[in-house]
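Just so we're on the same page: letters track the sequence lines, and every chain starts at 1. Values reported hereafter were calculated over all heavy atoms of this structure, with side chains retained and with hydrogens, waters and symmetry mates removed.
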Amino acid sequence: MEHNSTLDLPPGRNPTPRAQNGGSTEEEAPMSIDTTIVSVTTIEQIGQYAGQKVRLRGWLDTMRSSGKIRFLKLRDGTGRIQGVLTKNDAGEELFERTGHLGQESSLIVEGEVREDARAPGGYELLVSGVEIVHNAEGYPITPKDHGTDFLMDHRHLWIRSQRQHAILRVRAQVMRSISDWLDNHGFLRIDTPILTPSACEGTTTLFETKYFESSAFLSQSGQLYNEATAMAFGKVYAFGPTFRAEKSKTRRHLMEFWMVEPEMAFVDMWENMEIQEQMVSYVVQQCLQHRRRELELLERDLSKLEKIVPPFPRIHYDEAVQILRDKGVEFEWGGDFGGTDETVVSEQFDRPVFVHHFPAAVKAFYMKPDPDRPETVLGADLLAPEGYGEVIGGGQRLDDLALLEQRIAEHQLPTEAYAWYVDLRRYGSVPHSGFGLGVERTVTWVCGIEHVRETIAFPRTLYRLYP
RNA sequence: UCCGGAGUAGCUCAGUGGUAGAGCAACCGGCUGUUAACCGGUUGGCCGUAGGUUCGAACCCUACCUCCGGAGCCA
């Protein structure tokens with residue numbers, strides 16, 4: 001992130017190029033930053049420079065003025081620190097010049113790092129020089145309350161705020177931990193196409209786009225392609241965006257969302273679940289370890305996350321139906337779970353719960369039926385606790401040529417388009433399984449927040465394509 | 001698509017038939033330890049749009065638009 005990292009240089013001895021003054025609106029104002037050699041650092045690293053003079057480059061978060069003393073809260077993307085400026089120490093000229101800075105003005109600030117119990121974070125900067133790179137006027141997001149719609153209209157600015165930083169950092173950690181776990185367990189990342197000739201699962205509505213003289217669809221899943229790459233490499237995963245043109249309007253839905261989809265040859269439904277619980281536990285524990293500060297800022301109940309360790313409970317669809325009925329929910333065997341159904345079931349457990357053996361009728365055509373009860377499939381959904389709902393859908397795939405051809409016919413799917421997929425059952429078919437984990441839902445759960453739309457920088461919701 | 005809620009200052013909202021309001025933001029001034037600072041002042045309005053009822057409509061009625069929450073579908 002930092003181009004001028006000072007990590008491996010002794011403090012105070014790394015000459016950095018003089019900051020350019022091109023964006024300054026000050027006319028012929030003297031450079032108030034002196035030319036002595038001062039370390040450029042980040043707020044994250046500032047503790048290493050206690051008692052020394054440093055230079056920070058960032059944006060003005062808030063400013064409070066009190067006549068002869070001024071507090072400039074600076075953020076630089078790595079953290080926030082309060083700069084203190086007094087008329088006596090800083091001098092009349094500097095004090096006057098910083099009196100009319102708007103929120104989010106970009107600044108290069110120089111000063112001495114001081115430990116101070118009064119400062120949030122333990123350190124503050126005794127400001128001795130300020131270069132105004134750009135003085136911002138009328139920043140729309142004030143420190144007061146705003147509605148979601150207003151904030152979403154200003155999403156490009158909203159992501160500068162502390163809460164959004166915390167969420168997006170947790171997201172990055174979740175994605176990184178997923179990749180780490182899979183890479184360390186013999187999976188090869190092979191990404192699948194986003195432009196596809198036809199529906200993958202044939203269930204949801206797809207976004208259609210021009211493809212020269214014909215049309216193409218934005219992928220709703222890499223699932224089918226993953227099966228091909230798994231037959232080529234054994235253990236694989238795809239990690240990328242997926243698109244669903246469903247008119248879903250809930251706190252769990254986005255039109256564009258990210259999914260990681262591992263697929264494994266010679267793995268059955270039960271082993272599939274073991275892999276999932278290992279990976280999910282690892283991801284949650286890594287977030288606790290590396291993003292604790294962010295989770296605390298979000299006021300997440302960390303004790304709930306600490307419980308996320310294997311094994312996760314596994315219940316049969318029949319049991320789940322019984323739980324619903326015991327809790328007074330009218331539910332007929334054979335249906336899929338709605339949001340509230342998922343909540344009722346998952347609230348019975350303090351860990352994510354697998355619900356397996358769903359009725360075949362509500363699942364995709366490629367799911368393998370249970371030989372003993374063919375009206376159910378060898379698949380499992382993973383429901384996150386605390387009512388966060390389905391974060392994983394997965395299962396064992398149909399590996400029998402004749403049965404797959406029959407299913408494709410039953411679902412009235414175009415045979416030509418699936419010819420390559422059927423081929424996989426013709427040349428060395430093996431039992432195989434996989435799953436798809438929704439990144440935004442997982443991040444929502446880990447963060448303990450209300451809505452998936454804050455877990456991606458620029459969410460695509462039903463009626464929002466801006467910014 | 002269906003059900004429910006809401007559109008009033010830049011933002012968050014009050015105002016339920018009789019002169020358009022508050023807090024914050026912005027702007028001016030005061031204050032040497034502020035944490036969503038505080039104090040004084042100034043600016044700021046096609047009350048979502050179009051009809052209708054009424055002497056008179058932000059307010060009542062009708063339609064439409066937009067947003068929010070939920071359902072369905074899904075990760």
Determine the interatomic distance between [atom1] on [N] and the same-named atom on [M]; round to the nearest Å.
N     : M     : atom1 : result
B/C59 : B/A20 : C1'   : 13 Å
B/A75 : B/A36 : P     : 42 Å
B/C46 : B/G72 : C1'   : 40 Å

Rounded to whole angstrom units, what separation is found between the [atom1] atom of [X] and the [atom2] atom of [N]?
X      : N     : atom1 : atom2 : result
A/F337 : B/G72 : CZ    : C1'   : 16 Å
A/Q223 : B/C74 : CD    : P     : 15 Å
A/L60  : B/A26 : CG    : P     : 11 Å
A/L465 : B/U66 : CG    : P     : 15 Å
A/D149 : B/C65 : CG    : P     : 17 Å
A/Q103 : B/G10 : CD    : P     : 18 Å

Counting only side-chain heavy atoms from C-beta out, which of [options] sits nearest to [X]?
X      : options             : result
A/R453 : B/G69, B/C73, B/G10 : B/G69
A/F71  : B/U34, B/C74, B/G72 : B/U34
A/D336 : B/C74, B/U32, B/U1  : B/C74
A/Q82  : B/G33, B/C74, B/A71 : B/G33
A/D116 : B/G33, B/C74, B/G72 : B/G33
A/F150 : B/C74, B/C31, B/U12 : B/U12
A/T250 : B/A71, B/G33, B/C74 : B/A71
A/L254 : B/C73, B/A36, B/A75 : B/A75

- Query: Hey, are the side chains of A/K327 and A/Q348 touching, using non-hydrogen atoms and a 4.5 Å cut-off?
  - Reply: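 Yes, close enough: below the 4.5 Å cut-off.
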- Query: Taking C-beta and beyond as the side chain, do A/R453 and A/E440 meet within less than 4.5 Å on heavy atoms?
  - Reply: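 No, their side chains stay 4.5 Å or more apart.
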For [X], report the nucleic acid contact type (base, sugar-phosphate, nothing); a contact means any heavy atom under 4.0 Å.
X      : result
A/N88  : base
A/K249 : base
A/R252 : base
A/G138 : nothing
A/G389 : nothing
A/T142 : sugar-phosphate
A/F257 : base
A/R114 : base
A/E124 : base
A/H100 : sugar-phosphate
A/T242 : nothing
A/G102 : nothing
A/L437 : nothing

- OG1-CD1 distance between A/T42 and A/I81, expressed to the nearest 0.5 angstrom: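 If I round to the nearest 0.5 Å, the distance is 10.0 Å.
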- Task: Give me the ring orientation class for A/F150 and A/H146: parallel if the planes are under 30° apart, tilted from 30 to 60°, perpendicular past 60°.
- Result: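 Parallel: the ring planes of A/F150 and A/H146 meet at under 30°.
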- Using 30° and 60° as the class limits, which term best fits the ring planes of A/F312 and A/F354: parallel, tilted or perpendicular?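 Answer is tilted, since the angle falls between 30° and 60°.
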- Query: Can you check whether A/H146 has a side-chain N or O nearer than 4.0 Å to OP1 or OP2 of B/C24?
  - Reply: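 The answer is no; no side-chain N or O of A/H146 sits under 4.0 Å from OP1 or OP2.
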[N] base to [X] side chain: any donor-acceptor pair below 3.5 Å?
X      : N     : answer
A/E450 : B/G69 : no
A/R441 : B/C74 : yes
A/T148 : B/C68 : no

- Query: Do A/H356 and A/W270 make the cut of ring centroids closer than 6.0 angstrom?
  - Reply: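 Distance test on ring centres: under 6.0 Å, yes.
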- Query: Would you call A/E93 and A/R97 a salt bridge, taking side-chain N to carboxylate O under 4.0 Å as the test?
  - Reply: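 Salt bridge flag = yes for A/R97 with A/E93.
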- Query: With both distances kept under 3.5 Å, what pairs with B/C27, Watson-Crick or G-U wobble?
  - Reply: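 Across any shown strand, B/C27 pairs with B/G41.
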- Item | Donor-acceptor pair between A/E454 and A/Q164 side chains, under 3.5 angstrom |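 Side chains of A/E454 and A/Q164: pair found under 3.5 Å.
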